[in-house]
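First the structure, in the form of structure tokens, and then the observations on it.
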Amino acid sequence: EFCNPTGIDCKECVAEADTLNPTTINYCENDPDKRLEFSDYLTDTAHIDNLSADFIYNVVIVQNDTVIDYRIPTINDSISFNGLTPGTYEVYGMVYDTLYKMDDPDSDSTFTIDSLRTMMDSLPRIFCGDLTMDALTIIIDPIDTMYVTETICSGDSLVVGDTTFLETT
């Protein structure tokens, strides 16, 4: 049973975050639009497709086991990772009862993913929610300078990204 923070409105907690396919997704720091369709990575969306108005589905972004952000998918189920610095992140799905307002963690927060799980699993419940067991791994690679010392013979070309280099004399 879950009671809202006032302890007055008690009800059964029926939050279920479904199952996430653990996948690693790489982006470059300078990619202009680092986003994905989150539901593409859920193995079953039946629970989130039928959420009551009391529940919200969002994602929890974790770095080094510390919760650094919560993001709610846009109307088209898109999650943006723009603004994250180069590094490795884990992204969990989470559904929670709106009687409990999620506060954004401070940038120097020490609130861990295990702490969040404990809040959901403890009795009496102080938070009605559920996290996916597995996470997506998001890797944002830093911009790297690359030096190419290739010889381009007469009539040849070298393609790097969107640029074609031709031999010069």
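Computed from heavy atoms alone, side chains included, the values below leave out hydrogens, waters and symmetry copies.
- Here the CD1 atom belonging to Ile61 is positioned 13.5 Å from the OG1 atom belonging to Thr66, to the nearest 0.5 angstrom.
- With hydrogens and angles ignored, the 3.5 Å screen pairs no side-chain donor or acceptor of Ser115 with any backbone N or O of Ile113.
- With values rounded to the nearest 0.5 angstrom, Tyr89 atom OH is found 10.0 Å from Asp69 atom CG.
- No donor-acceptor pair closer than 3.5 Å links the side chain of Asn21 to the backbone N or O of Leu42.
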What's the verdict on side chain to side chain contact (heavy atoms under 4.5 Å, CB included) for Leu84 and Ile68, showing C-alpha distance, side-chain angles and the deciding distance?
CA-CA 10 Å; Leu84 294 179; Ile68 63 165; 4.2 Å; yes
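- Applying the side-chain contact (heavy atoms from CB on, under 4.5 Å) rule to Asn30 yields the partners Cys28, Ile143; only residues at least two apart in sequence or on another chain are considered.
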For a side chain to side chain contact (heavy atoms under 4.5 Å, CB included) check, start with the C-alpha distance between Val95 and Asn58, then their side-chain angles and the critical distance, and finish with the verdict.
CA-CA 6 Å; Val95 63; Asn58 69 0; over 6 Å; no
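- Counting only heavy atoms from C-beta outward, the side chains of Asn26 and Asp141 approach each other to under 4.5 Å.
- One distance of note links OG1 of Thr132 with CD of Glu16; it measures 11.5 Å at 0.5 Å rounding.
- Note that CG of Asp40 is 10.0 Å distant from OG of Ser78, once rounded to the nearest 0.5 Å.
- The two residues Ala17 and Gly93 make their nearest non-hydrogen contact at CB-O, 3.9 Å.
- Taking CG of Leu116 as the start and OG1 of Thr112 as the end, the distance is 8.5 Å to the nearest 0.5 Å.
- Residues passing the side chain to side chain donor-acceptor pair (under 3.5 Å) test with Ser80 are Asn82, sequence neighbours excluded.
- Summarising the geometry, atom CE belonging to Met94 is positioned 9.0 Å from atom CD1 belonging to Ile72; distances are rounded to the nearest 0.5 Å.
- The side-chain heavy atoms of Tyr57 and Phe38, taken from C-beta on, include a pair separated by under 4.5 Å.
- Using a 4.5 Å cut-off on side-chain heavy atoms (C-beta onward), Ile79 and Arg35 make no contact.
- Annotation for Glu29 and Lys34: closest pair O-NZ, 3.1 Å, computed over non-hydrogen atoms.
- Side-chain contact between Leu20 and Leu136 is present, with heavy atoms from C-beta onward closer than 4.5 Å.
- You'll find the side chain of Met133 stays beyond 4.5 Å of the side chain of Tyr92, heavy atoms only.
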List the steps and the verdict of side chain to side chain contact (heavy atoms under 4.5 Å, CB included) for Val60 and Val91.
CA-CA 6 Å; Val60 180; Val91 179; over 6 Å; no
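- Between Phe81 and Tyr27, the closest side-chain pair of non-hydrogen atoms falls below 4.5 Å.
- Remark: Thr88 pairs with Glu90, Thr137, Ile139 by the side-chain contact (heavy atoms from CB on, under 4.5 Å) rule, at least two apart or across chains.
- Using a 4.5 Å cut-off on side-chain heavy atoms (C-beta onward), Thr85 and Ile140 make no contact.
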